**Q** 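Take a look at the following structure, please.
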Protein chains: 2
Amino acid sequence: MTAANVPSQPDPARQGEPTIEDVAAAAGVSIRTVSRVLNKSPKVNAQTRERIEAAIAALRFRPSLRARALAMRRSFLIGLIHNDRNALVLDSIQRGIVSVTAAQGYELIVHSTPPEGAEAIADAVAFASRSRVDGLIVLPPISGVDGLAAALDAVQVPAVAVSSVPLDGFAGVISSDERAAGAQVARHLLGLGHRAIGLINGPADMASARERRAGFLAEIAQAPGVTLAETPGDYTFAAGIAGAQALLAAPAPPTAIFAANDIMAAAVLKVAAARGLAVPAQLSVVGFDGSLLAQMVTPALTSVVRPFGAIAAAATRHLIARIEGGTPPPLFHPELTLAPAESTGPAPR
Amino acid sequence: MTAANVPSQPDPARQGEPTIEDVAAAAGVSIRTVSRVLNKSPKVNAQTRERIEAAIAALRFRPSLRARALAMRRSFLIGLIHNDRNALVLDSIQRGIVSVTAAQGYELIVHSTPPEGAEAIADAVAFASRSRVDGLIVLPPISGVDGLAAALDAVQVPAVAVSSVPLDGFAGVISSDERAAGAQVARHLLGLGHRAIGLINGPADMASARERRAGFLAEIAQAPGVTLAETPGDYTFAAGIAGAQALLAAPAPPTAIFAANDIMAAAVLKVAAARGLAVPAQLSVVGFDGSLLAQMVTPALTSVVRPFGAIAAAATRHLIARIEGGTPPPLFHPELTLAPAESTGPAPR
DNA sequence: TGCATTGTTGACACCGGTATCATTCAGCCT
DNA sequence: AGGCTGAATGATACCGGTGTCAACAATGCA
């Protein structure tokens, strides 16, 4: 109470951060006026504003987002829900999100859910509801779980899903045509003259894997005299190794292998090397994702590039627009393009 | 107000989530008693507790972490501050953290700061202070910035840093002996008979890079008749390509190259392949980090394994113990071990 | 029976902000 | 001069929980 309107250094004896009240006292105004300054309300006298801003700077006051959240019923927190394990993909997405949230004054809170469907829903809802995030970005595979959209809707949290296919229930889904991309891969390999082709699938319960496969197979089916061998996989390196070994151990092994993601494609390269097969001279390999890994392996993988950063940024912008009541920008449906690199070439002989 | 003590479905007309008050009304008790149940206070009659729990379940009530945060002056939020770009490393660390926070009832909020020192500090402090996290985990390279510890200390946020070297100012630093690890790499290569050795450094302003180099060089210096060539690098793939080209273009190129991280080592593999050098027959390559990448490239990289998951988990446990006033477990200083794989072999001829 | 003790519960202030509404004070018009 | 208008500001009730402390009933003991 002493020196009420003399901006001063923070009282060293005081525990914790300065509050709006300290600022008000230091500037000799009411907390409401300080609040106006914080919220850039125009109805504050210029001199008063200056005095308050000086006090804020002197006290190093930073408003508590938490108190503000309680009062405004807005947390300025965006939640990211995922239950995948692909490090590179998750990282690209996270960076894409942060590039937008940081610019718009939000923070990102990352939550990973258990893998199983029902549990995952319960966990996601509990998270959304307890942490009172303003909005949610949901990644595959959990974005594809039946009932998730409805469950999130029930707790009134705006959510944007990223998915390979349009999803029922979600108002905002950023999807891409992975089926067309699968077809692109097939055309690329057929165009190079390959007639014995192998496919290492992703997990059958993921829409992305099913779509890639469907597009790929449909295109292959159109080409006469092409033999196709496929093996199951689950997007892991180990599955890629097993799949490649199975395909290449056949009596008439394929001259080209499409692996449903880059990680498994990298595994194919490893198996090929172990068997003394030159890539691409004797075996062509295609991956999917266009992740950093595709460029780091030798030879660099021909892969379908998915613009994760742009996808994530678009999802975030859409979400924030919804949160803030503006008209959300139209949903983004990125084109997936095949980027030919060193791992594919003309079919041998 | 109707049917005050009959647990019922949430009123569909009501906006937002049910509050503790709704639960209290439904159970016919005061909010304070509901709060006791929520906090598992033992001083609640068993029957009352049951009644309240039933009401909670019926209303699908979930307490707002935000309101709780305000009241308890605890946010149950752990902040992760980073400004690095190594996707694989960040991901492993993040997963390690989440494995602990999830179990202890905390959530993770991820913040990335600008790269530059002073700005980074300001940004980190603003984040810590505004978001009122309970604690902070800080990763390199920003963890090594001078003055950061003091700045965080000033806003009274407990922080744990991960670093290659002990850091002044930080009460909690999880460090590892990267110098010894660098020496280990040198011994490995010398033991294989290599006498012409190349080194691709990490960024000179990062302690990790300096330490690795120092340990490596010291050990090399002890061995008679060994020639060493080094080039600068910055942990990126492009730098690895450039470095490898520089080293291998020399009149008497090295028979072994130590790259200061796996990403650059992967680049060395690519350059070797382009020049027709067999690895490890003609060139041995060693990386650092033991990341997934090391296992995915062909041949698999001999690398120094850094147990990121364990490091992150230990940091998190330490931090939470400090937050909760317990005695924090002793700081963890992981042993770094060289994991020989396919990319190193006896020196040619 | 009287009284201290223990176990349960509720009233109320508080955390640090925002929102609603009232109040004050100039300046302007008639 | 009196009344009106609008800009600037403050008093006070929230937001949804927890902490403190008092009230109260049931129990144990003398």
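Order of the sequence lines fixes the chain letters, A, B, ..., with proteins taken first and strands second; residue numbering starts at 1 for each chain. Note that the structure is predicted; figures quoted are calculated from it, not measured.
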**Q** Look at the side chain of B:R36 and decide which nucleotide, out of C:dC15, D:dT18, D:dT20, has an atom nearest to it.
**A**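 Closest of the options to the side chain of B:R36: D:dT20.
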
**Q** Using only side-chain N and O atoms of B:S64, determine if any of them is under 4.0 Å from OP1 or OP2 of D:dG16.
**A** no

**Q** So, B:N39 side chain and B:R36 main chain: donor-acceptor pair closer than 3.5 Å or not?
**A**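 Between the backbone of B:R36 and the side chain of B:N39 there is no qualifying donor-acceptor contact (under 3.5 Å).
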
**Q** B:A71 has a side chain; which of C:dG10, C:dC15, C:dG17 sits nearest to it?
**A**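 Among the listed nucleotides, the one closest to the side chain of B:A71 is C:dC15.
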
**Q** Distance check needed: D:dG19 P versus B:I31 CD1, whole Å only.
**A**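 In whole Å, D:dG19 P and B:I31 CD1 are 13 Å from each other.
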
**Q** I want to verify a distance call: between C:dT9, C:dT18, C:dG16, whose nearest atom is closest to the B:N45 side chain?
**A** C:dT9

**Q** Quick check: does any side chain N or O of A:S143 sit under 3.5 Å from a backbone N or O of A:V162, one acting as donor and the other as acceptor?
**A**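 Looks like yes, one N/O pair under 3.5 Å.
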
**Q** In terms of the angle between their ring planes, are A:H111 and A:F127 parallel, tilted or perpendicular, with boundaries placed at 30° and 60°?
**A**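 Ring orientation of A:H111 relative to A:F127: parallel.
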
**Q** Given atom NZ of A:K40 and atom C1' of D:dA8, what is their separation to the nearest angstrom?
**A** 19 Å

**Q** Send over the distance from A:I56 CD1 to C:dG16 P, rounded to a whole Å.
**A**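 Those two atoms, CD1 and P, are 16 Å apart.
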
**Q** Are A:P114 and A:N83 side-chain neighbours, meaning at least one heavy-atom pair lies under 4.5 Å?
**A**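 With C-beta onward as the side chain, the pair stays apart.
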
**Q** I need the CG-C1' distance between B:L59 and D:dG16, as an integer number of Å.
**A** 15 Å

**Q** Looking at B:V160, B:I78, B:D134, which one forms a side-chain contact (heavy atoms from CB on, under 4.5 Å) with B:I320?
**A**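 Going through the options one by one, the only one that passes is B:I78.
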
**Q** Between B:R132 and B:K43, just flag the one whose closest nucleotide in DNA chain C comes earlier from the 5' side.
**A**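 Nearest nucleotide further toward 5': that of B:K43.
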
**Q** Can you check the B:N39 CG to D:dT20 P distance for me, whole Å?
**A**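 Value for this atom pair: 13 Å.
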
**Q** Looking at every strand, decide which applies to A:V34 at a 4.0 Å heavy-atom threshold: base, sugar-phosphate, or nothing.
**A** nothing

**Q** How close or far is atom P of D:dT18 from atom CG of A:L70, stated in whole angstroms?
**A** 12 Å

**Q** For B:T48 and for B:M72, find the nucleotide of DNA chain C with the closest heavy atom, then tell me which residue's nucleotide is more 5'.
**A** B:T48

**Q** So, does A:T19 get its side chain near the phosphate of C:dG16, meaning an N or O under 4.0 Å from OP1 or OP2?
**A**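 Answer no for this pair, as no side-chain N or O of A:T19 is under 4.0 Å from OP1 or OP2.
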
**Q** Hey, does the side chain of A:T33 come within less than 4.0 Å of D:dG10's phosphate (OP1/OP2), counting only N and O?
**A**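 The answer is yes; a side-chain N or O of A:T33 sits under 4.0 Å from OP1 or OP2.
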
**Q** Closest nucleotide of DNA chain D for A:R32 versus for A:P42: which of these residues is on the 5' side?
**A**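 Whichever sits nearer the 5' end wins; that is A:P42.
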
**Q** In whole angstroms, how far is the P atom of D:dT20 from the CZ atom of B:R73?
**A**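 One finds 9 Å between P of D:dT20 and CZ of B:R73, rounded.
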
**Q** Using whole Å, what does the distance between atom P of nucleotide D:dG17 and atom CD of B:E21 come to?
**A** 9 Å

